[in-house]
Every structure is written in C-alpha cells, then in structure tokens.
Colleague: 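Quick one: this structure, given as structure tokens, is what I'll be asking you about.
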Amino acid sequence: DQQAIEMHTALEVVELTGKPDAGGRLVWQVPEGQWALVRFGYTTIIEHEYDVDVLDPVAVEGHFNRMGKAILADAGPLAGKTLTHFYSVSWEGAVPTWTGAFEEAFRKYRGYAIRPWLPVLAGFVVKGEEKSERFVGDYRRARNDCFRDNFYGKMMALCHERGLRWHAESGGPWVRKPEVFGEADQLAFLARTDMPQGEFWFTGKPDRSGRQLSRAQAMAAHVYGKRLAAAEAFTHMQRHWMPYPAILKRAGDESFIDGVNHLIWHTFTCSPREFGVPGSEYFAGTHINPKVTWFEQAAPFLAYLGRCQHMLRRGRFVADVCAYVGDVPYQHWGRFTTNWSAAATIALPLGHGYDVISTEALLGRASAKDGELVLPDGMGYRVLAVDLDDERASLPALEKIGALQRAGVPVVFGERRPRRAVDLGSADDEVRALGEALWADSPTLAEALKERGLPPDFEGPFEYTHRRDGDA
C-alpha cells in the first residue's frame with residue numbers, strides 16, 4: 001500500500017525480539033511487502049548524565065541514601081525533632097521519557113502492553129491516527145504517573161520510614177505542553193507530600209498585586225486531609241533590594257485568601273560579615289537578612305504574617321462547591337476566584353468557596369452523607385459541579401458521580417459532555433451513554449445553591465477566606 005507507506009502507517013507490527021542468532025545476525029523469514037526495521041533502546045539524556053532517574057524508585061532511593069542518610073547521621077537524635085522535614089523545590093530539570101522498568105509500569109497504569117504500540121513513538125501510525133494519538137496520551141500519562149509515584153511518592157515514604165515529613169513544590173508551575181506535563185494531575189502530584197507547596201511572586205506592579213500559584217496547593221491540602229498548604233513567598237527577579245514590607249503585603253494577603261497558611265520566604269541569604277553591606281545575595285527573591293536596610297524594622301510585618309498563618313491553620317476551610325474537571329486538573333498562574341480552570345463553562349457566583357477534586361480523591365475519598373459530598377477528614381461540600389476541561393472522561397469517575405447523585409448530593413453539569421474515554425483501553429460507548437444520562441436536565445449552579453439555601457458568604461467589596469473552627 002504505497003499511500004500507507006508514504007504516511008508511515010504500520011499495516012502490521014511484528015516484534016523481532018529473540019530473532020537474532022548468537023552472532024547478532026537477524027534470522028527472520030520476511031513476509032512480502034515493504035518493511036521498516038525499527039530498533040528501540042534507551043540511554044541517558046545528553047548533558048544530564050548525572051541526573052537521578054526520577055521515574056525509577058530504585059534510583060530515587062539510591063539518591064536518598066547518598067544524601068538523606070548522611071544528613072540523618074549528622075542529625076543523630078535530633079532527626080524527627082529538630083530536623084523534621086526533607087524538601088524538594090520546584091522541578092526545573094529534564095523530563096525523562098523512559099526508564100528500565102517502564103514496560104511493567106505502563107501495563108500497571110494503563111492496563112495494556114506497550115510493545116505493539118512502540119512504533120508510534122518512532123513516528124508511525126498504528127491502527128489509525130485516533131488510536132495512535134490516544135496511545136501517545138496514555139504513554140505520557142504513564143510516564144508522569146511514574147514521576148509522581150516513584151519520585152515524590154517514594155521520597156515521602158522514605159521520609160516517613162525515618163520519622164520525617166516530606167514537602168515539595170510538586171505541582172508546578174509546569175511547562176503545560178502535551179509532551180511534558182499536559183497529561184498530569186496536579187492535585188495528585190501535590191498529594192505526594194505532607195505539605196503541598198506552590199509559589200507567588202512580587203511583580204513590581206503599581207497596584208502591588210502578586211503573581212499567584214497558591215490555590216492549587218490549598219485545594220490539595222483540603223481534599224487530601226493535609227493541615228498545611230505552603231508557598232514559596234515573595235520571589236522576584238526585579239532589581240535587588242527593591243521590595244519592602246509595604247509593597248509586599250498585598251501579595252502575601254492574596255496568597256492567604258487563596259488558602260495558603262505556611263510561607264517559605266524566598267530568600268534569606270547567608271552573607272558573611274566580612275562581605276560588608278549590602279553583602280552578597282542570591283540572584284532571585286526578596287532578600288531578608290541583617291544586611292537589608294529595613295531588617296531592624298521588619299518585626300511588625302513578620303508578626304502580621306505569623307498571625308495570619310496561625311489563624312489560617314485553625315479549623316477547616318468552608319467551601320460550598322466541589323468541582324470535578326476531569327482526569328488532569330491544573331491551575332497555572334492566576335487567582336481562579338470564580339472559575340476553577342481556564343476551560344471552565346460554569347462560573348461560580350461571588351461569595352462562595354470551592355475546591356477542585358482529583359479523580360483519585362473522588363474515587364477513593366468522597367462519599368455522600370446527609371445530602372453532602374464529604375471527605376474522611378471532615379471536609380464537606382453542598383454541591384458537586386462537574387465541569388469537564390475536555391470531552392474525555394473516566395468511566396469509574398462518571399459511575400461515582402452517578403452514585404453520589406443517587407445518594408442525594410446535588411450535581412450540576414457543565415456544557416461539555418463526555419464523548420470518549422480517557423485512555424485507549426476503555427469503552428467509549430459506555431462513557432457516552434452514561435454521560436448522556438447524567439447530563440440530562442442539569443440545574444444551573446445558581447439554582448442548585450438557591451435550592452440548598454446557600455446565600456453568599458460575603459459579597460465584597462473586599463476579598464476574604466472562610467474557615468470554621470467548632471462554632472466559630
């Protein structure tokens with residue numbers, strides 16, 4: 001088929017593993033037709049030969065043993081007391097595309113064998129363009145699941161075994177391109193820490209607003225039962241020593257309003273006395289150390305930030321709405337006050353709080369009680385909003401949504417109806433049929449809130465956050 005050859009379509013895939021003889025010579029009775037021999041292998045990424053393979057739990061444990069064990073030995077009896085956490089900053093390294101045990105991992109995460117589909121990664125079409133594209137999505141998602149579980153999850157488990165806790169900026173900001181983190185669940189990544197973390201920046205804008213990535217880690221803390229939601233705070237790459245407390249306050253307040261209750265100040269540089277004033281500094285961040293001119297006057301501002309963090313650790317966040325947007329939720333830079341994603345079709349009325357829930361938490365942690373969606377740690381939501389980011393949906397997630405609805409949880413559905421399953425191995429027809437049944441006669445979010453007797457908490461003009469601690 002000359003047209004298929006020109007399009008690089010594989011009409012048949014034959015695995016030749018085991019065909020070479022002892023001398024390495026391929027022994028194969030070649031069928032008629034035009035065949036392309038494709039050999040697959042893997043190696044380290046150029047200029048990243050000394051990186052840890054974050055897809056391989058054995059390599060990650062080796063990294064922990066080389067560094068973590070030395071630090072623990074030095075800490076001695078203070079490990080778990082004075083030394084309480086190990087920490088990983090934002091991921092800014094290369095993203096691997098393979099690891100030694102990836103075949104087994106792919107089958108575990110996606111439910112089918114990867115080898116018959118490998119020619120797709122070499123540019124061939126296998127079983128049609130649509131199925132090939134869906135396989136690529138499955139491959140990327142399995143790769144990202146390995147990163148999530150085998151690096152962040154493994155490091156958390158290793159810390160726990162030694163009486164420590166683990167925190168990391170594991171949910172971005174990411175390069176949200178399809179080939180990198182386009183197929184990744186930000187909330188599930190953030191859950192592989194004891195203290196989910198994002199970041200916010202001082203921007204130098206006249207209105208003193210910040211650049212926020214604060215809401216995602218707060219939502220992860222709420223839906224996974226974590227007490228603390230952290231932020232790398234006051235980062236910037238403006239001129240050195242430019243910010244000071246009066247122009248930093250708004251960015252900090254925005255982060256608190258979005259749900260952060262633990263600040264990690266970026267950055268306190270250790271500058272030796274002999275370096276004089278203003279000393280040496282790291283290239284980024286709002287400098288805070290004794291060499292900074294306003295350091296001696298910083299106590300009231302720091303006390304204010306400390307008081308806010310203390311108050312925001314009391315009780316639980318109050319949210320009327322739990323939003324489900326699909327298998328790969330992600331919030332990038334921004335406030336997301338009334339829209340839970342860039343693709344949202346439902347607008348949240350002002351004065352109501354919300355959390356986005358991951359598929360993992362929806363399936364494993366959510367249940368219905370007295371007409372509410374509740375989580376094991378005490379969080380409860382009066383309305384579930386299903387507002388898919390695209391036309392893909394997980395059949396188990398749709399089935400769980402239907403079960404919650406039958407148990408009395410009010411459910412509101414967005415404009416997009418599911419047209420196909422998330423991955424290649426699932427049944428599209430079942431997803432479409434269940435989607436049609438669920439989406440029929442959906443109320444609007446405003447109608448559902450009114451039906452539940454839920455007026456706005458606070459309509460302004462100021463921003464706010466709402467927590468409940470006992471009767472307060």
Side-chain angles (χ1 to χ4, degrees), residues 109-111 141 145 185-188 191 219-220 222-225 316-329 340-341 343-346 348 352-454:
Y109 288 117
R110 302 273 69 87
R141 188 172 298 196
D145 289 347
D185 181 334
Q186 182 184 41
L187 298 176
M219 295 189 302
H222 301 157
V223 301
Y224 283 95
R316 294 188 182 92
F317 177 60
V318 176
D320 296 325
V321 179
C322 179
Y324 178 73
V325 301
D327 265 22
V328 286
W340 28 72
S341 78
T345 66
I346 300 174
L348 182 72
H352 296 277
Y354 76 90
D355 282 325
V356 174
I357 193 168
S358 66
T359 298
E360 177 182 63
L362 176 71
L363 296 177
R365 293 177 58 81
S367 60
K369 181 179 179 181
D370 300 329
E372 293 189 12
L373 187 157
V374 297
L375 300 174
D377 313 286
M379 283 295 299
Y381 307 88
R382 307 291 294 279
V383 177
L384 172 61
V386 181
D387 193 13
L388 300 178
D389 281 340
D390 56 41
E391 294 183 338
R392 301 176 298 171
S394 156
L395 182 60
L398 294 180
E399 291 171 339
K400 182 62 175 283
I401 290 164
L404 291 170
Q405 188 179 47
R406 291 190 297 274
V409 176
V411 184
V412 174
F413 295 91
E415 293 178 9
R416 294 185 193 88
R417 300 188 179 203
R419 301 300 180 191
R420 67 175 180 86
V422 170
D423 52 35
L424 183 61
S426 299
D428 294 348
D429 291 344
E430 292 181 64
V431 166
R432 280 192 293 268
L434 185 51
E436 290 298 324
L438 288 172
W439 261 251
D441 301 320
S442 172
T444 66
L445 181 55
E447 290 170 343
L449 292 170
K450 183 178 180 181
E451 177 69 22
R452 298 304 304 265
L454 293 172

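Please read these numbers as outputs of a predicted model, since none were measured by experiment.
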Colleague: To the nearest 0.5 angstrom, please state how far the CG atom of L373 sits from the CD atom of Q405.
Modeller: 12.5 Å
Colleague: What closest approach, in Å, do V321 and L449 show between heavy atoms, and which atom pair accounts for it?
Modeller: CG2-CD2, 4.1 Å
Colleague: Please list, chain by chain and in numerical order, all residues satisfying ring pair (Phe, Tyr, Trp, His ring centres under 6.0 Å) with H222, sequence neighbours excluded.
Modeller: F317
Colleague: Any idea which heavy atoms bring P329 and V325 closest together, and the distance?
Modeller: CB-CG2, 3.6 Å
Colleague: Measuring from M379:CE to M219:CE, what's the distance to the nearest 0.5 Å?
Modeller: 11.5 Å
Colleague: Verify, without hydrogens or angle tests, whether R452 (side chain) and D320 (backbone) share a donor-acceptor contact under 3.5 angstrom.
Modeller: no
Colleague: Is there a side-chain contact between D355 and C322 (heavy atoms, below 4.5 Å)?
Modeller: no
Colleague: State whether the number of non-hydrogen atoms from other residues, nucleotides or ligands found under 6.0 Å of E436 atom CD is greater than 12.
Modeller: yes
Colleague: List the residues meeting side chain to side chain contact (heavy atoms under 4.5 Å, CB included) with E399, not counting sequence neighbours, and say none if there are none.
Modeller: L395, L434
Colleague: Using a 4.5 Å cut-off on heavy atoms from C-beta on, say whether the side chain of V412 contacts that of E447.
Modeller: no
Colleague: So, do L388 and P418 sit near enough that their side-chain heavy atoms are less than 4.5 Å apart?
Modeller: yes
Colleague: Quick one: pull up CD in Q186 and OG in S341 and give me the separation to the nearest 0.5 Å.
Modeller: 11.5 Å
Colleague: Which pair of non-hydrogen atoms, one from A368 and one from A407, has the smallest distance, and what is that distance?
Modeller: CB-CB, 3.5 Å
Colleague: Of all the heavy-atom pairs spanning A397 and T359, show the shortest one and how long it is.
Modeller: CB-CG2, 4.3 Å
Colleague: Salt bridge or not between D327 and R141? Use side-chain N to carboxylate O under 4.0 Å.
Modeller: yes
Colleague: Mind checking the CG-CG spacing from L348 to L445? Nearest 0.5 Å is all I need.
Modeller: 6.0 Å
Colleague: Determine whether S358 and Y224 make a side-chain contact, defined as any pair of heavy atoms from C-beta on separated by less than 4.5 Å.
Modeller: yes
Colleague: Look at the side chain of D428 and the backbone N and O of A421, then say whether any donor-acceptor pair between them is shorter than 3.5 Å.
Modeller: yes
Colleague: Can a salt bridge be assigned to the pair R420 and E430 using a cut-off of 4.0 Å between side-chain N and carboxylate O?
Modeller: no
Colleague: Do the side chains of V386 and L398 get nearer than 4.5 Å, heavy atoms only?
Modeller: no
Colleague: Taking all non-hydrogen atoms of both residues, which atom of V223 and which atom of L375 are closest, and how far apart?
Modeller: CA-CD1, 3.6 Å
Colleague: Donor-acceptor pair, R417 side chain versus G435 backbone, under 3.5 Å?
Modeller: no
Colleague: Strictly by ring-ring contact (aromatic ring centres under 6.0 Å, His included), give each pair with a member in residues 362-420 just once, sequence neighbours left out.
Modeller: F413-W439
Colleague: Measuring only between side-chain heavy atoms, which start at C-beta, is R416 closer than 4.5 Å to T345?
Modeller: yes
Colleague: If you apply the rule side chain to side chain contact (heavy atoms under 4.5 Å, CB included), what do you find for R110 with D145, and how did you get there?
Modeller: CA-CA 10 Å; R110 302 273 69 87; D145 289 347; 3.4 Å; yes
Colleague: Supply the atom-to-atom distance E360 CD to S394 OG, rounded to the nearest 0.5 angstrom.
Modeller: 12.0 Å
Colleague: Does the side chain of I401 come within less than 4.5 Å of L362's, by heavy atoms?
Modeller: yes
